[in-house]
Participant: 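Questions regarding the structure given below will be posed in turn.
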Amino acid sequence: MFLAGLAVVVIATQSGIGAYDDVLFWDHMIQHLLLLMVAPPLLVVGEPFTLLLHASRNPLHSWAKRVIRSRVVSFLTWPPFGLVAYVVTIVATHLTGLTGLILRDPLLHDSEHVLYLVVGYLFFLPLIGREPIRWRISYPVRILVLVLAMPVDTFTGLVLTYANSGTYTKGPRPPGALSPVQDVHWAGATMWIAGDAIMFALMMLVLLAWSRERRASWGMSGWLEAARKSRFDEVVAPGGPAVARAGRGIDDDEHLAAYNAYLARLHGTGTDGTG
């Protein structure tokens, strides 16, 4: 998953998408979605910090633990902060004068790419990640945060879809390209439709994880555990399975003694299968 996230970053910045990101605004919008909503979740699921903790030794291990438990990281991974950062980033980089400035300044444009990756990572980390951060929020709250973030994509897309100007890009346009106004309209439609679709897919993944966790605790796992315990009681009960089936009133001491006797019987069995 982590490598897939890196591959998405490469595709967004080094392929044809990156080549036309300052010429075609709809292409620029696809790049935004890849860097903000596709690559960060893949990087989060890859659990790089957990890998660092497991693979490192002191002093790097201790330093990593202090960092992940620090107040700064706790604040940056706080879900309300991630939501606000996501909303501000979407609006500021698409609906303000900063949009045209970013497209015309290569340094700002590259900084925007980094901003999207960082904000996306911080936003999705407590929602779909399993890193050892401070926050452990419930599944309903995770879905709620994603629901609250979706209207921002919709609003931004609608504003651009009905825009009357197309001055967001620079340089000569490739042959057959849309007109500047149509270009902005297509960019808005991309943000609206594709952005909402990606967010909805992430909601479904969170819902699936929630469902699997509930089934694991209440469904087949619970039934299997009950069956195992029942069989265990029959095996270790004094007098054998018949006594266990007749009545299961075994207290802890009797249970422990019976279990020790069961282990002794196993130990007394030879390697050739004879006792």
Side-chain angles (χ1 to χ4, degrees), residues 1-52 76 82 85-86 88-125 127-129 131 149 152-153 156-157 160 166-180 182-199 201-202 205:
M1 287 295 184
F2 188 81
L3 291 178
L6 295 180
V8 171
V9 175
V10 172
I11 292 172
T13 57
Q14 304 301 319
S15 69
I17 297 175
Y20 289 97
D21 62 351
D22 56 354
V23 177
L24 300 174
F25 197 49
W26 65 266
D27 176 86
H28 185 75
M29 193 64 70
I30 292 176
Q31 183 186 65
H32 285 190
L33 294 179
L34 291 176
L35 294 176
L36 183 63
M37 302 181 68
V38 178
L42 293 172
L43 297 176
V44 167
V45 175
E47 301 182 25
F49 209 91
T50 298
L51 176 61
L52 175 63
L76 292 177
Y86 180 87
V88 171
T89 299
I90 290 288
V91 174
T93 57
H94 294 98
L95 301 181
T96 68
L98 193 60
T99 305
L101 185 61
I102 288 174
L103 287 171
R104 293 173 176 83
D105 189 314
L107 180 59
L108 285 178
H109 200 165
D110 292 339
S111 300
E112 181 191 45
H113 297 166
V114 177
L115 174 67
Y116 283 158
L117 287 172
V118 172
V119 170
Y121 190 90
L122 294 177
F123 175 66
F124 290 111
L125 178 58
L127 304 181
I128 63 174
E131 299 278 31
V152 181
D153 303 327
T156 303
L160 294 174
T167 59
Y168 292 102
T169 56
K170 68 175 184 178
R173 305 176 67 79
L178 299 169
S179 68
Q182 288 179 320
D183 188 19
V184 174
H185 290 173
W186 278 50
T190 300
M191 169 62 78
W192 175 19
I193 299 173
D196 285 358
I198 295 172
M199 195 67 75
L202 292 172
L205 290 177

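Just so it is clear, the structure is predicted and the values come from calculations on it, not from any experiment. Heads up: numbering here begins at 1 and tracks the sequence.
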Participant: Got a sec: does the OH of Tyr121 have more than 12 other heavy atoms crowding it under 6.0 Å?
Facilitator: yes

Participant: Is the Tyr86 ring parallel, tilted or perpendicular to the Phe124 ring (thresholds 30°, 60°)?
Facilitator: perpendicular

Participant: Can you name the closest pair of heavy atoms from Asp183 and Phe25 and give their distance?
Facilitator: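 The answer is OD2-N, 2.7 Å.
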
Participant: Between Gly120 and Pro40, what is the shortest heavy-atom contact and its length?
Facilitator: C-CB, 3.4 Å

Participant: Taking side-chain contact (heavy atoms from CB on, under 4.5 Å) as the definition, give me every residue that meets it alongside His113, ordered by chain and number, with sequence neighbours left out.
Facilitator: Thr13, Asp21, Gln31, Leu35, His109, Asp110

Participant: Would you name the heavy atoms of Leu160 and Gly188 that are closest together and state the gap between them?
Facilitator: CB-CA, 3.6 Å

Participant: Is there a donor-acceptor pair closer than 3.5 Å between any side-chain N or O of Thr99 and the backbone N or O of Thr93?
Facilitator: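 Judged by distance alone, yes, a pair lies under 3.5 Å.
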
Participant: If a pair satisfies side chain to side chain donor-acceptor pair (under 3.5 Å) and one of its residues is in residues 32-46, list it, with sequence neighbours excluded.
Facilitator: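 Output for this query lists His28-His32, His32-His94, His32-Glu112, His32-Tyr116.
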
Participant: Could you grab the distance from atom OG1 of Thr96 to atom CG of Leu101, nearest 0.5 Å is fine?
Facilitator: 9.0 Å

Participant: Can you tell me which residue among Val44, Leu117, Leu76 is in a side-chain contact (heavy atoms from CB on, under 4.5 Å) with Leu122?
Facilitator: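 Passing option: Leu76.
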
Participant: Can you list everything that forms a side-chain contact (heavy atoms from CB on, under 4.5 Å) with Ala194? Sequence neighbours excluded, please.
Facilitator: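 Result, side-chain contact (heavy atoms from CB on, under 4.5 Å) vs Ala194: Leu33, Thr190.
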
Participant: Between Glu131 and Thr50, is there a donor-acceptor pair closer than 3.5 Å when you use the side chain of the first and the backbone of the second?
Facilitator: yes

Participant: Roughly how far, to the nearest 0.5 Å, is the CG atom of Leu24 from the CD1 atom of Ile30?
Facilitator: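 Here the rounded value is 9.5 Å.
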
Participant: For Ile17 and Leu34: C-alpha separation, side-chain torsions, deciding distance, then whether side chain to side chain contact (heavy atoms under 4.5 Å, CB included) applies.
Facilitator: CA-CA 10 Å; Ile17 297 175; Leu34 291 176; 3.8 Å; yes

Participant: Which atom pair, heavy atoms only, marks the closest approach of Val8 to Ala39?
Facilitator: CG1-CB, 3.8 Å

Participant: Let me confirm one number: the CG-OG1 distance from Leu95 to Thr156, rounded to the nearest 0.5 Å.
Facilitator: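 Result: 4.5 Å between the selected atoms.
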
Participant: Could you check whether any side-chain heavy atom of Leu36 comes within less than 4.5 Å of a side-chain heavy atom of Ile90, counting everything from C-beta outward?
Facilitator: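 Side chain of Leu36 against side chain of Ile90, heavy atoms only: contact under 4.5 Å found.
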
Participant: A side-chain contact here means heavy atoms from C-beta on lying under 4.5 Å apart; do Leu43 and Leu6 qualify?
Facilitator: yes

Participant: Please report the interatomic distance CD1(Ile198) to CE(Met191), rounded to the nearest 0.5 Å.
Facilitator: 9.0 Å

Participant: In Å, rounded to the nearest 0.5 Å, how long is the span from CG of Asp22 to CG of Asp27?
Facilitator: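 CG of Asp27 is found 9.0 Å from CG of Asp22.
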
